[in-house]
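Taking it in order: structure first as C-alpha cells, then the write-up.
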Amino acid sequence: MEKVLIRFTLNGKKVTSAIDPRWSLADLLRGGEHKHTGTKKSCEVGECGACTVIINDETYNSCIYLAIWADGKSIRTIEGLTGENGELSDIQQAFVDEGAIQCGFCTPGFIMSSLPILESGREYTRDEIRKLLSGNLCRCTGYKNIIDAVEKTMKARLEKKQQL
Amino acid sequence: MSVGKSVKRVDAYEKVTGRARYTDDFLDYNPLIAKVLHSTIANGKVLSMDISEAVKIPGVVKIVTCFDVPDIRFPTAGHPWSTDPKHQDVADRKLLNTRVRLYGDDIAAVIAEDEVAAAQALRKIKVEYEEYEPILDVFRAMEPDAPLLHEEFPNNILAHSGYEEGDFEEAIKEEGLLKFEGWYETPIVQHCHIEPVISYAYMEKGRITVVASTQIPHIVRRITAQALGLPWGKVRIIKPYIGGGFGNKQDALYEPLNAYLTTQVGGRCVKLEISREETFVSTRVRHSIKFHITSYVRKDGRFVARYLKSYANQGAYTSHGHAIAAKGGAAFKQLYSAEGAVKADLYSVFTNTPAAGAMRAYGIPQITFAMESHSDDIARALNMDPIEFRRINMMKKGFYDPFSQNENYYDSLNAVIAKGKEYFKWDEKVKAYANQTGPVRKGVGMSIFWYNTAVWPTSLEASTCRMVLNQDGSIQMQMPETEIGQGADTVFSQMAAHTLGIPFENVHIVSTQDTDITPFGTGAYASRQTYIGGMVIKKTAEILKEKILSYARSINRIASADLDIEDGNIINKYSGKVLMSVGELATEALYSMQAAEHITAESTYQCKTNALSMGCCFAEVEVDIPLGKVSVLDIINVHDCGMLINPKLAEAQVHGGVSMSLGFGLSEQLIFDPKTGRPLNNNFLDYKLLTALDHPDIQTDFVEFYEPTSAYGTKALGEPPTVPPAPAIRNAVLNATGVAINEAPLNPHKCFAKFKEAGLI
C-alpha cells in the first residue's frame, strides 16, 4: 500500500515518517524507522496496556491508535525517559529499587501509565493509584511492588516540590 | 558475599529502559508473516480444503494444509527425553491435523508478505468437515458410545493410575469412624503470560534456526527435529528475554510448525506470532480436575483411611498428560497421613477442549483446592479448629518417601503455620467472626501445601554450566537454565560470585540461550532453577577456583591449599595477605610466555534428590452475600523454601504466585459453548485476570531451614506460591457464611446460587 507522510514529535524531537496507513501507532513506533521496541504488543486490542504511550499528555493504548492519527501530535515512549547518557529517571530507578520488574514485558507500559500520576503534582491515595494502573495487566508481580514504586516516586516528587 | 542479599536484578536496567530485546524486537528486516487457520468445529475431520481463492490474494506466498505436512506424529511436552521407549511422551499430533480435536485445532497455515494478506487469505480458505459430537466433559468422554479422540485410547482415557497403601477395606472396619466425602472441581485456566507466543525461523547453511519465546530451548530443539523428521543437530533454537511463560512455554508450541514453514519458502525468514485469542485456546491450559475424596476419621480428628478419585480433563492432546494428575496423587498421600490406608484412582481423559499441559505448580493447585477444602469440611463437622485438625494429620518432621527418597528434615509445616497464625491473629479473628448475621460477613481461612522440587526420580535431573575467566578477573557464565522473569540470572550470578570469591559485578551471565553455544540443560520448570542450577554452579565454580589457585601456586610458590580467593583477590589463607588479584592472574595466564592458559571450567551435575518445599496461606475475606461477591481483605503466604538467595526476589515470586492463585480462586475460567465447544471468553476483556484494583497488597514471610540436599540450602519457590491461596479463600468464605463452595472460581455467579441454595438470600 502507498505510504503516507506524517509529522509528529517523538520524545521531544520533530520527526517525519512514511507510514502504511493501516499501521497502528505501536506498529509505527516498533517498526518504521524508529525501532522504538520498548513499546510492547501483547493483546493488540486495547485490553492489557503493554503498549501504553503518551499522546499529548494522555495515556493511550498505541495498538488501537492509528499511526496516521499521530500526525501533528506529541508522542512519548519509554525510550524518552532515559537520559542522554543512559541515566534512569526517578520512576525507572524506583522500579529497579522496589523489585517491580520480573519478566519485564509489561514494565514500559506501567511506567508510561504512571507518568500522568507523577506529573499531575497531586497526591493520590494508594487506592487511587491502584485504579489508575488497573488498565495495565501484569502476570508476574502481583502489582504490589509496582504500586510501591509509583507511590514512592510520587511522594518524593511532591516533597521536592514543597522544598522549592 | 552476595548470597542472601537483595542485590538488584542483573536485567533490571535493560527492562526498565525498554532496551531488553524479546523475540519480536530482533527483526531489523521484514520477515514473511505466517498465520494459522484454526478449525471452527470441536470434533471431526477435515475432508477437503479449497485454497484456490486464498492463493489469489496479493502478497500470499504459500499456503500449506493438513494434507501437505509430513506424516509424523510428535510429542510436545517439555520433559527431558527418555531413552526408554516406555517412558517417552505420547506422540499424538502432526504439524497440522486433519483429525480435528478441539475448536481451534491447527489445520492450515498461510505465509504472506504482510499480516493483512495473511489474514485475508485465512478468511478465503474453504474447509469441508465431517462433524462428530463435541465432547467437553470427562464423564461423557468415558461413556462407551462417545466418539474416540485418539483411536489408541479406549474410552478416551489417556491414563489411569493409582495406589493403595495399607488395606483400605480392612481399615474402614474400625468401629466408630466418621465418614466424610465430597466432590471438588477446578476450572480450565490459562497462563496469560503478557508476551504472546511468538517465534521466527530461517535457514542458514542447510540448518534451521528458530528464535522463540520458550522456557526450554534444548527441549524445543529435540521436539522440532522430531516433528520434522530431521537429525537433531540440524535445528538451532535461540531464546532471548521472554515475557513470561508459567509453564505454557514449557511445551513445544508453534516452534515446530514455524521451522517447517521456513523450509517451505526456501529458508526465508518466517515470523509466526500467535494472537492473544489463539493463545487462550490453541496453546496449553491448566487441567480442570474433578475430585472425589472419601475420608474415614476418628472422633479426635485423626485420619484412618483416605480415598481419592480424580478425573483430569486432558483436553484434545496429551502434552504433559497424566504427569499432572499423578503429581496430585503424590501430594494427596504425602501432605496428610492416614493410620490405616490411603488409596487413589487417577484418570486423565481426553475431551474436545484445549490441550492441558504444564502450568505453574503442575497439578498441585488443583489437588490442594480439593484436599484443603475437604480438610475444612471435616474440621467444621467435628467442631475443631481447622489448624488443629491439620496438625494431627499433616506431614511430620522425619517423613521419608521411599520412591523419591525425600526426607522432611524439619518441622516446616508447624513453623510456617505459627508465623501465619501470629500475623493473622487467627484465634482472635475466629472468635470475632463466629455467629455473624446480616448481608455482609467476614471470615478467615487457611491452607497448607506440599511441593517437591525438580523432577527426580521420575525424569532426568542434570544441568551443565560453563565459566570462562576474562583478563580482568571477571567471568562469563553460561547456563542452560533460563531466565523467564523469575530472576534466575540474578541468583545464578550471586551463587557463582559467592563460591568463586569474586564480586557479584564480576559475574557476567549470558542471558540468551542458543543451543549451538549454550551447554546442555533442560530449562525452566518444576521450580528447579535455583536447586539444580545451584548444584552445577557450585561444582563448576569449585573447578574454576581450583584451576585459578593452581595457577596461582605456579606463580607464587605457595601450595594452592594455602590459598583462597576473597573479593576478587588471591590471598594467603592464613595471613590474609593479598598476593595478587584474580585479574592480574588471569592476564598473566592468558599472555604468559612460559605457561599460557585460558582458564575455563565446564561441568555437568546430575542431581538425584528432590527436596520437599512447604508452606501455608492465611486469608481474610469479606463476603457480600446478596451480591455473591467475595473481596479479599488480607492475605499472607508463609514458605519454607530453604535459604533465600535474594530475599527481595523471593518476595516478588510469592507476590506473583499468590496473585495468580487469587485469580484461580475468584475469577478466572475459560468457558465454552456446550453445544459446539466454541470458546466464549478467550480474551482479556471476558477472561477475568485480576488487576491492581482486584486484590490487596500480598504479604509474605519465610522460614529459612537450610535444605541439606541443596548446594546453597534452597528448594522450590517458583511455583509453590500459586498453590494455597485459592483453598484458603474458599475456606474463609465457609468461615464467613457457613457455605461450602467446592467449585473454583468462587465468582458471583457461583456464590449467588450457593448462598440462595443455603437460604442466605
Revision key, fill the gap. Cut-off 4.5 Å, heavy atoms of chain B, and the answer for Lys131(A) is both
Check your understanding: Which atoms of Thr141(A) come close to chain B, meaning under 4.5 Å heavy atom to heavy atom: side chain ones, backbone ones, both, or neither?
Key -> backbone
Review point. Counting distance only, does the side-chain N/O of Ser42(A) pair as donor-acceptor with the main-chain N or O of Ile194(B) below 3.5 Å?
Key: yes
Practice item. Work out which heavy atom in Gly86(A) is nearest to a heavy atom in Tyr13(B); give both atom names and the distance. Key: O-OH, 2.5 Å
Point to revise | Heavy-atom contacts under 4.5 Å, residues 92-104 of chain A to chain B | key: Gln92(A), Phe95(A), Val96(A), Asp97(A), Glu98(A), Gly99(A), Ile101(A), Gln102(A), Cys103(A), Gly104(A)
**Study point:** Short side-chain to backbone donor-acceptor contact, Arg130(A) and His695(B), under 3.5 Å
**Key:** yes
Exercise for review: Check Phe246(B) against Cys140(A) and note the closest heavy-atom contact, atom names and distance.
Suggested key: CZ-SG, 3.7 Å
Check your understanding: Is Gln162(A) atom CD crowded by more than 12 heavy atoms from other residues, nucleotides or ligands, each under 6.0 Å away?
Key -> no
Check your understanding: Heavy-atom distance under 4.5 Å between the side chains of Ile78(A) and Thr17(B), does that happen here?
Key -> no
Study note, to complete from the structure: Scored by heavy-atom pairs under 4.5 Å with chain A, the best of Ile698(B), Thr691(B), Asn683(B) is Thr691(B)
Review point. Rounded to the nearest 0.5 Å, what separation is found between the CG atom of Asp27(A) and the CD atom of Glu115(B)?
Key: 6.5 Å
**Study point:** Best-contacting candidate, Glu44(A), Glu79(A), Lys40(A), Lys35(A), against chain B by heavy atom pairs under 4.5 angstrom
**Key:** Lys40(A)
Check your understanding: Relative to chain A, which segment of Glu14(B) carries a heavy atom at a distance below 4.5 Å: side chain, backbone, both, or neither?
Key -> neither
Check your understanding: Mind checking what makes side-chain contact (heavy atoms from CB on, under 4.5 Å) contact with Ala212(B), not counting sequence neighbours?
Key -> Ser199(B), Val210(B), Thr214(B), Glu255(B)
Point to revise | Closest contact, heavy atoms only, Thr37(A) versus Asp25(B) | key: CB-OD1, 3.5 Å
Exercise for review: Would you name the heavy atoms of Phe105(A) and Gly243(B) that are closest together and state the gap between them?
Suggested key: CB-CA, 3.8 Å
Review point. Can you name the residues that form a side-chain contact (heavy atoms from CB on, under 4.5 Å) with Ser120(A), not counting sequence neighbours?
Key: Arg122(A), Tyr124(A)
Check your understanding: Quick one: does Arg30(A)'s side chain have a donor or acceptor within less than 3.5 Å of a partner on Asp24(B)'s backbone?
Key -> yes
Review point. What pairs with Arg21(B) under salt bridge (Lys or Arg N to Asp or Glu O under 4.0 Å), at least two apart in sequence or on another chain?
Key: none
Review point. Considering residues, nucleotides and ligands other than Asn30(B), do more than 12 of their heavy atoms fall under 6.0 Å from its CG?
Key: no
Exercise for review: For each of His191(B), Glu273(B), Lys8(B), tally heavy-atom pairs with chain A at distances under 4.5 Å, and name the one with the top tally.
Suggested key: Lys8(B)
Check your understanding: Got Met660(B) and Arg139(A) here, is their nearest side-chain heavy-atom distance under 4.5 Å?
Key -> yes
Revision key, fill the gap. Highest number of heavy-atom pairs under 4.5 Å with chain B among His36(A), Arg126(A), Glu47(A) belongs to Glu47(A)
Exercise for review: Sort Ile147(A) into side chain, backbone, both or neither according to what part of it lies under 4.5 angstrom from a heavy atom of chain B.
Suggested key: side chain
Practice item. Indicate yes or no for a side-chain donor-acceptor contact from Tyr143(A) to the backbone of Ser659(B) under 3.5 Å, with no hydrogens or angles considered. Key: no
Check your understanding: Between Leu649(B) and chain A, which part of the residue has a heavy atom less than 4.5 Å away: side chain, backbone, both or neither?
Key -> neither
